[in-house]
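Everything on this sheet refers to the single structure shown next.
Labels below follow one simple rule: chain letters A, B, ... track the order of the sequence lines, proteins then strands, and each chain is numbered from 1.
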Amino acid sequence: MTATPPLLLVDGSSYLYRAYHALPPLTTAAGEPTGAMRGVVMMLRNLVERFAPSHAAVVFDASGPTFRDALYPDYKAHRPPMPDDLRAQVEPLHAMVRALGLPLLAVPGVEADDVIGTLARDAAARGLAVVVATGDKDLAQLVDARITLLDTMKRNGEESVYDRAGVLAKFGVPPEAIVDLLALMGDSVDNIPGLPGVGPKTAARWLAEYGSLDALVANAGAIKGKAGDTLRAHLGQLPLARALATIRCDVPLEVGFDGLAYHGPERPALLALYRRYEFNSLLRELEAAPAPAPVAVDAAGGEAAAGDAVAVDATPADPPAKVRDYDVVVTAAAFAGWLARLEAAALFAFDTETTSLDYMQAEIVGVSFAVEPHRAAYVPLAHVYPAAPEQLDRAEVLAALRPLLEDPARAKVGQHLKYDWHVLRNHGVALAGIAHDTMLESYVLDSTATRHDMDSLAARYLGETTIHYEQVAGKGAKQIGFEQVPIDAAGEYAAEDADVTLRLHQALWPRLEAEPRLAALYRELEIPLVPVLARMEDAGVRIDPALLRRQSGEIAQRLLGLERQAHGLAGQPFNLGSPKQLQAILFDQLGLPVKKKTPTGQPSTDEEVLEELAAEFELPRVILEHRSLSKLRGTYTDKLPALVNPRTGRVHTSYHQAVASTGRLSSSDPNLQNIPVRTEEGRRIRQAFVAPPGTRIVAADYSQIELRIMAHLSGDERLRAAFAQGEDVHRATAAEVFGVPLERVGTDQRRAAKAINFGLIYGMSAFGLARQLGIGRGAAQEYVERYFARYPGVKAFMDRTRGEAAERGYVETVFGRRLYLPDIRSKNPARRAAAERTAINAPMQGTAADVIKRAMLAVDAWLQGGGAAARMIMQVHDELVFEVAADAVEAFVPRVRELMSAAAALSVPLDVDVGVGDNWEEAH
DNA sequence: TGTCTGGCGTAC
DNA sequence: GACGTACGCCAGACAT
């Protein structure tokens, strides 16, 4: 940050659209749309806090035509009118911007970009630093030594800052060539024609080579190839395209620089607006803030590091000291006081601090609590750094807390409580009464958000920057265990965690309650699943490390042989594991034909390409075998033994409940959901997942669950009948598509039908099907058409789903789980098509996830009630794996089949295949 | 030495 | 551009 506060220019229009498409369509209780407003207000608030600008402007497009329409009648001709639920937010947003104290500009006849350009250049000429906040890359042309571009609110929640070097890195050309770049590329959103087939890469390459559009045009005759022809054919349109892309920096403005002074928010107006549009967390924050809010912040941030305990890396943008009241509890009396508060509370937030992120090893270092906003306590219990002060005894404190923590009737809220469940379990405390988990609240509200960690949620829903773990414990090599963090810093951090968790819950829960189906999913499925998953993780699975090591050894031998063979064929040694080196050998040295390219333009060496080349050449065959074996060794046979917990002799995965946007679980460290099964070689790894003496492995998987769900969702009579009659669905599909009797279906026909069935679930096109089956596009198209003719209900379902997604902006599972699809209305056809495929797939994949989660609850309840001497140890999307006492297996199998089949009442039966064995491979 | 990205491959 | 959802390996580039 510069010493002098910068001029902050915000492209209000671009952010408004971005927020509208990126954020959930929130409304007030009365149904008025507010999501986009809220997104923009949050962003403005963060920008002001961060840059502490002395002058600022938020610029919007004015209504009516601009000079560009006069230049080019088709300008923005394809842009649909503003959606009603966005238009409704424009006026309220303007009011909020004004109440925030930010000068607002909307100048008729020009666009927001032109106003920003004019203001930016003017300020830069005065020697001021300028920050332009926008989602529109066209503004990159303004960047210079004083003007920087800031792109916040990206899909992944990160931001990008573009100075001159940044623009060059991002676009491949410097700011002054951006206009030329845009003229060549065109802009489909604005309907500016570019050169057909010329994208950012080609355009940047040309400009890098010739320096400017003028020089390129002058040398157009010298450009070779198809692109050169294209260029020569379209020379005439370039001047207009450039004029349209050029931002004007000479717009006459009524307001002068002094008129852009920023004096801070107008509190009463802002309070009224927040209240009117139900921005409750912002409202509470503003109400809690001392009035009037301090505006002038020393931009150099001199005082920031002087804070008492917290600041390891405090930035000037950290919120000013709020009314926060955090205790560090080190006396029996203080602890007794907090215990009493917890006992009196209807709900309390708690959090544990530990020695390790590995839930099986973590020991408690301290615990924190909150029962009301902004008031929290940290109880340090095992800090061990030199001269650490006296702390309460860990065992005694946990014993005192035990009745509360183990009481299912005492409601607790936490962030990712599954972890705390494990940590307490390590100290013999059985956590019960998990009433709420903010991570899951956030996930159920919007599963497409990339992160549901507390820091992200605090920023998103409270607009607050929290103390990050790295700030107190360091990171990388310098990271220390939490037990070594000084108690003062630990207290601020840990107490804040409990406080923020509580306040997040207060912000999130009303939103969930406002959506009854989501609330039910959260309350009845996700929350009860927490202890079930914790128990599965805690159980782990026994593996046979000696077997895996033997396999590693064998594979190593074979790899050596293959490597020698490959080097011989290549005529030189090279690293078979390096796609880059392999690419050089195959395509440069040996001159093999390039079959396809990677997204970065390199010749691909993936399996499909190598298979194709292997028909003619020997080396690719050797590489393929080497690849598959080194994958097995590197990912599985070498790694799994290292992950065996020495205490339990088993591997304990982590199931992630808030990662997959469709509602599935995911698994890591190790990932038990991608253990090989398709090849003979791979399946040997499953032999190392063994049943301990006296037990057996039982694997139960849903048969064709996603296709069954498709039958249910579509209601297609023919497909439902196939399942109802227990037919082999791929065979039945083949009979329909190829018009032959069931018993006459050939293997290739069944294989094709299977590919069609899977393709449908994934939204595959005829093109993809053709590639999958190695047939012509016409033939693939014909298959698809015959399929839809025979299963018209499926066709109707897909059309309906796409339409509904476009209309509502999200799709739902049978149980009401929601997945937002902001790209469904994208003007970019590729993004829109991808969103449509997700729209088709998500209800099926997500419903399957809901179903197996329900099954897990049912089976767990049965087992916890003493139903059988068995424990559930793994979940692999459509499969549950159990470790069952040998003498209990016979009774177990039919019961688990029954519970899983009954997990959902669909209009088709849910069949479950169950296998038993001494290891996972045998149980299939 | 650590961190990030690209290319690739495993599962359902 | 063309098949959805994940996790994780290795190589290589680059920052520390």
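Using a 4.0 Å heavy-atom distance criterion, A:I761 is classed as making no nucleic acid contact. Within 4.0 Å of A:E607, counting heavy atoms only, lie sugar-phosphate atoms of the nucleic acid but no base atom. Here A:G759 lies out of heavy-atom contact (under 4.0 Å) with every strand.
Rounded to whole Å, the distance from NE2 on A:H924 to C1' on B:dA11 is 11 Å. Rounded to whole angstrom, the span from the CZ atom of A:F758 across to the P atom of B:dA11 amounts to 13 Å. Between A:L821 atom CG and C:dG4 atom C1' the separation is 12 Å, expressed in whole Å. Between the CG atom of A:L582 and the C1' atom of B:dG9 there is a distance of 15 Å, given to the nearest Å. Nucleotide C:dG8 holds its P atom 11 Å from the CG atom of A:L640, rounded to whole Å. Atom CD in A:Q602 sits roughly 14 Å away from atom C1' in C:dA11 (whole-Å rounding). Note: CZ (A:R777) to P (C:dA2) measures 13 Å, nearest angstrom. Taking atom CG on A:L707 and atom C1' on B:dC12, their separation rounds to 13 Å, with Å as the unit.
Side-chain N/O atoms of A:Q581 include one lying less than 4.0 angstrom from OP1 or OP2 on C:dG12. For the pair A:S667 and C:dA6, the criterion of a side-chain N or O lying under 4.0 Å from OP1 or OP2 is not met. OP1 or OP2 of B:dC8 lies within a sub-4.0 Å distance of a side-chain N or O belonging to A:S604. Contact check, A:S765 against C:dC3: a side-chain N or O comes under 4.0 Å of OP1 or OP2. Within the structure, every side-chain polar atom (N or O) of A:R837 is placed at least 4.0 Å from both OP1 and OP2 of C:dA2. The phosphate of C:dG4 (OP1 or OP2) has no side-chain N or O of A:T662 nearer than 4.0 angstrom. For the pair A:S661 and C:dA6, the criterion of a side-chain N or O lying under 4.0 Å from OP1 or OP2 is met. Contact annotation: A:N841 does not reach the phosphate of C:dC3 (side-chain N/O to OP1 or OP2, under 4.0 Å). Here A:S628 does not reach the OP1 or OP2 of B:dG9: none of its side-chain N or O atoms lies under 4.0 Å away.
Comparing B:dC8, C:dA2, B:dC12 against the side chain of A:P579 picks out B:dC8 as the nearest. Proximity note for A:H877 (side chain, C-beta onward) versus C:dC10, C:dC7, B:dC12: the nearest is B:dC12. Set against B:dC12, C:dC10, B:dC8, the side chain of A:Y762 has B:dC12 as its closest nucleotide. Proximity note for A:D669 (side chain, C-beta onward) versus B:dT10, C:dC10, C:dG8: the nearest is C:dG8. Nearest to the side chain of A:T598, among C:dA2, C:dC9, B:dG7, sits B:dG7. Here the nucleotide nearest the side chain of A:V677, chosen from C:dG1, B:dA11, C:dC3, is B:dA11. Considering only the side chain of A:K580, C:dG12 comes nearest among C:dA2, B:dT10, C:dG12. Which of C:dA2, B:dA11, C:dG8 sits closest to the side chain of A:R678 comes down to B:dA11. Nearest nucleotide to the A:N671 side chain, out of C:dC3, C:dC7, B:dC8: C:dC7. The listed nucleotides are C:dC7, B:dG7, C:dC3; the one nearest the side chain of A:P599 is B:dG7.
In the interface, the side chain of A:R664 is paired with the base of B:dC12 through a donor and an acceptor atom under 3.5 Å apart.
A salt bridge (Lys or Arg N to Asp or Glu O under 4.0 Å) with A:E526 is found for exactly one of A:R817, A:K418, A:R854, namely A:R817. Each of A:E612, A:E611, A:E607 was checked for a salt bridge (Lys or Arg N to Asp or Glu O under 4.0 Å) with A:K595, and the lone residue meeting it is A:E612.
Relative orientation of the A:F758 and A:H730 rings is tilted, given thresholds of 30° and 60° on the angle between their planes. Ring orientation note: the planes of A:Y443 and A:H452 are nearly perpendicular, at an angle over 60° on the 30°/60° scale.
Spacing between B:dT5 and C:dC3 at atom P, rounded to whole Å, works out to 26 Å.
Using modelled atom types, one finds a donor on one side chain and an acceptor on the other under 3.5 Å when comparing A:Q875 with A:Q673.
For the pair A:R750 and A:D728, the salt-bridge criterion is met [side-chain N within less than 4.0 Å of a carboxylate O].
The two residues A:A839 and A:L821 make their nearest non-hydrogen contact at CB-CD1, 3.6 Å.
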